[in-house]
Amino acid sequence: MDSSLTVTFGDHPEPDLELDCRGMLCPQPVIELGRRHAEVPVGGVVAVVVEDVAARTDVPAWCRMRGQEYLGEDAAEDGVPRYRVRRLR
């Protein structure tokens, strides 16, 4: 994992919604994110857990296109990458 892309969240609370997209391939995880991000309130955080390496670029690109805030990458308890998004609108 490229440490320049990894964010440590420390004392930040758990996400409001965690999407388990393990086993899904591009573009399904971002489709799921697009479908479900509105389930959290504005200011809330959605985490997408997915092994597909394409998510490392797809999730930040989705955020730019949709006007949401990409918070970075950490890992789920089992070590699978988890990408965090703050809902802005």
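When a residue number appears, it is its place in the shown sequence, counting from 1.
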Tightest non-hydrogen contact, residues Arg82 and Ala76, listed as CB-N, 4.0 Å
Taken in chain and number order and not counting sequence neighbours, the residues that satisfy salt bridge (Lys or Arg N to Asp or Glu O under 4.0 Å) with Glu51 are none
d(Arg87 CZ, Leu33 CG) to nearest 0.5 Å is 11.5 Å
Hits for salt bridge (Lys or Arg N to Asp or Glu O under 4.0 Å) against Asp20, two or more places apart or cross-chain, chain-then-number order -> Arg22
The residue among Leu71, Val85, Leu88 that forms side chain to side chain contact (heavy atoms under 4.5 Å, CB included) with Cys63 is Val85
request  = Please check if the side chain of Arg86 supplies one atom and the backbone of Val45 the other of a donor-acceptor pair under 3.5 Å.
outcome  = no
Between Arg84 and Glu14, the two heavy atoms sitting closest are NH2-C, 4.5 Å
Arg66 meets the salt bridge (Lys or Arg N to Asp or Glu O under 4.0 Å) criterion, sequence neighbours left out, with none
For Val50 and Ala55, the nearest pair of non-hydrogen atoms, with its separation, is CG1-CB, 3.4 Å
Are Leu19 and Val59 grouped together when hydrophobic residues (ILVMFWY) are joined by side-chain heavy atoms under 4.5 angstrom apart? yes
Intermediate values then yes/no, side chain to side chain contact (heavy atoms under 4.5 Å, CB included), Glu18 and Val49
CA-CA 7 Å; Glu18 184 168 287; Val49 180; 3.6 Å; yes
Between Pro60 and Thr57 the two heavy atoms that sit nearest each other are CD-O, 3.4 Å
So ring-ring contact (aromatic ring centres under 6.0 Å, His included) across residues 32-57, not counting sequence neighbours, yields His37-Trp62
Gln28 meets the side-chain hydrogen bond (donor to acceptor under 3.5 Å, both in side chains) criterion, sequence neighbours left out, with none
When every non-hydrogen atom of Asp16 is compared with those of Gly44, the smallest separation belongs to OD2-CA, 3.0 Å
With sequence neighbours left out, the residues meeting salt bridge (Lys or Arg N to Asp or Glu O under 4.0 Å) with Arg35 are Glu32
On a heavy-atom basis, the closest approach of Cys26 and Asp52 is N-OD2, 2.7 Å
